[in-house]
Amino acid sequence: MKNRKITYHNYDIVFKYATQVMKDRMLDFLGLKTAPISEVIPTELPYIEARRQNEDYIFKLKDGTYLHLEFQTTLTQKDIIRFMIYDARLYEQFPGEINTAVIYTGDRELKEVGPIQGGSLNYSPEIITLKTEGIEAVLHEEERKVLEKKQPDILKVLFSPLMVDRDRVEDTVKKAVKIIKKMEGEDRDRDKLLAALIVLVDKLVDENI
C-alpha cells in the first residue's frame with residue numbers, strides 16, 4: 001500500500017459498492033437500527049469547506065430520513081461541532097430528519113466528548129465503538145469457511161481492522177487480505193473488496209504495509 005493515494009472519487013465508488021453488495025446488513029452490523037438505505041447522497045455540498053480526507057457518508061433511507069455516517073480514529077468536541085455545522089448545511093439542501101452516527105475506532109476513552117446543549121441549539125450524534133475481543137478467532141472461523149468453499153461473513157472480514165487496538169491493525173489487515181484473496185469468484189469482485197478494505201482502514205495503517 002506504499003505510496004497509495006485515496007481520492008474523494010475512490011471513497012464514493014467503494015462505499016457505494018459496499019452498500020450495494022452488503023445491502024442493509026452493513027448498518028445493522030454497525031449497530032444502527034435504521035430504515036434500509038435508499039440511495040447514497042454525494043458529500044460535495046455547496047458552501048461546505050474542503051475536508052482533508054473524504055470520510056463522511058450520507059445516505060437517504062427508505063423512510064425519507066437521512067443518515068450521516070462518520071468514521072473517526074480521533075474524536076474531540078471540536079469534531080462534534082464540525083459535524084453539527086455540516087448537518088446544518090446538509091439540512092439546508094435536504095430539509096428533513098438527519099441522524100448522525102460516528103463510528104469511533106480510536107484507543108482513547110472519550111471523556112470530554114458529548115452532546116451539544118446550547119439552548120435552542122441541541123445536537124446529539126450517536127457514537128459507536130466497534131472494538132471487540134477475540135477478533136483472531138472470528139477471522140480464523142471466516143478463513144475456515146473459505147477453505148471449505150463456503151461464503152464467509154464479508155462484513156466481519158472487512159470491518160475487522162476497525163475492531164482492534166491500533167497496534168494490532170496492521171496484522172489484522174493482512175489476515176483480512178489473505179481471506180479475501182482466497183475467496184472464490186471473479187477477480188474483479190475480490191479486487192473491489194480489497195479496495196473497500198484499503199479505504200476503510202486508510203487512516204489506521206502504516207504507509208509501508
Side-chain angles (χ1 to χ4, degrees), residues 4-106 108-130 155 158-159 162 195-204:
R4 69 184 185 277
K5 184 177 181 180
I6 308 296
T7 66
Y8 288 173
H9 191 54
N10 292 142
Y11 277 96
D12 286 341
I13 290 175
V14 170
F15 217 78
K16 285 178 183 178
Y17 169 75
T19 57
Q20 289 168 358
V21 171
M22 300 158 198
K23 298 183 179 179
D24 302 305
R25 281 199 60 231
M26 184 182 66
L27 297 184
D28 187 60
F29 179 82
L30 294 174
L32 296 169
K33 306 303 180 184
T34 69
I37 294 172
S38 173
E39 62 179 299
V40 181
I41 303 297
T43 56
E44 296 83 359
L45 301 178
Y47 313 116
I48 294 182
E49 61 277 7
R51 301 275 297 278
R52 186 176 63 85
Q53 288 188 337
N54 186 33
E55 298 168 304
D56 57 299
Y57 308 97
I58 310 298
F59 304 107
K60 183 175 182 179
L61 306 181
K62 290 185 178 179
D63 62 358
T65 65
Y66 294 87
L67 172 65
H68 172 192
L69 184 62
E70 289 272 347
F71 285 90
Q72 291 288 127
T73 56
T74 61
L75 187 62
T76 67
Q77 196 65 10
K78 286 186 177 180
D79 291 316
I80 302 298
I81 294 172
R82 177 164 56 85
F83 301 154
M84 178 182 67
I85 294 172
Y86 186 98
D87 285 346
R89 290 169 174 167
L90 178 65
Y91 182 87
E92 184 179 18
Q93 186 164 347
F94 300 102
E97 182 179 326
I98 299 170
N99 295 296
T100 298
V102 182
I103 310 302
Y104 176 65
T105 60
R108 296 184 179 180
E109 292 186 18
L110 301 176
K111 295 181 179 180
E112 299 179 0
V113 177
I116 294 173
Q117 297 178 338
S120 297
L121 186 63
N122 295 288
Y123 185 71
S124 303
E126 183 176 1
I127 300 175
I128 298 171
T129 301
L130 289 182
L155 288 174
L158 191 62
F159 284 94
L162 305 184
L197 178 65
I198 291 172
V199 166
L200 285 173
V201 304
D202 183 52
K203 283 186 65 177
L204 300 181

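Hydrogens, waters and symmetry mates are skipped; everything else that's a heavy atom, side chains included, is used.
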Euclidean distance, [Y] [atom2] relative to [X] [atom1], rounded to 0.5 Å:
X: Ile98; Y: Leu90; atom1: CD1; atom2: CG; result: 4.0 Å
X: Ile58; Y: Glu70; atom1: CD1; atom2: CD; result: 7.5 Å
X: Thr34; Y: Phe59; atom1: OG1; atom2: CZ; result: 9.5 Å

Could you go through Thr100 and Tyr86, starting from their C-alpha distance and side-chain angles, then the distance that decides it, and tell me whether this counts as side chain to side chain contact (heavy atoms under 4.5 Å, CB included)? CA-CA 10 Å; Thr100 298; Tyr86 186 98; over 6 Å; no
CA sep, side-chain torsions, deciding dist, call: Leu75, Val102, side chain to side chain contact (heavy atoms under 4.5 Å, CB included): CA-CA 9 Å; Leu75 187 62; Val102 182; 4.0 Å; yes
What pairs with Ile116 under side chain to side chain contact (heavy atoms under 4.5 Å, CB included), at least two apart in sequence or on another chain? Gln77, Ile80, Ile81, Met84, Tyr123
Could you list the residues that satisfy side chain to side chain contact (heavy atoms under 4.5 Å, CB included) with Asp63, not counting sequence neighbours? Ala35, Leu61, Thr65
Does the side chain of [X] reach to within under 4.5 Å of the side chain of [Y], using non-hydrogen atoms?
X: Leu69; Y: Leu30; result: yes
X: Phe83; Y: Gln72; result: yes
X: Phe159; Y: Ile103; result: no

State, to 0.1 Å, how close Glu126 and Leu32 come at their nearest heavy-atom pair, and which atoms those are. OE1-CD2, 3.7 Å
Got a sec, which residues hit salt bridge (charged side-chain N to carboxylate O under 4.0 Å, His left out) with Lys33, two or more places apart in sequence or on another chain? Asp28
Of all residues at least two apart in sequence or in a different chain, which pass the ring-ring contact (aromatic ring centres under 6.0 Å, His included) check with Tyr66? Phe94
With sequence neighbours left out, the residues meeting side chain to side chain donor-acceptor pair (under 3.5 Å) with Asp79 are Thr76, Arg82
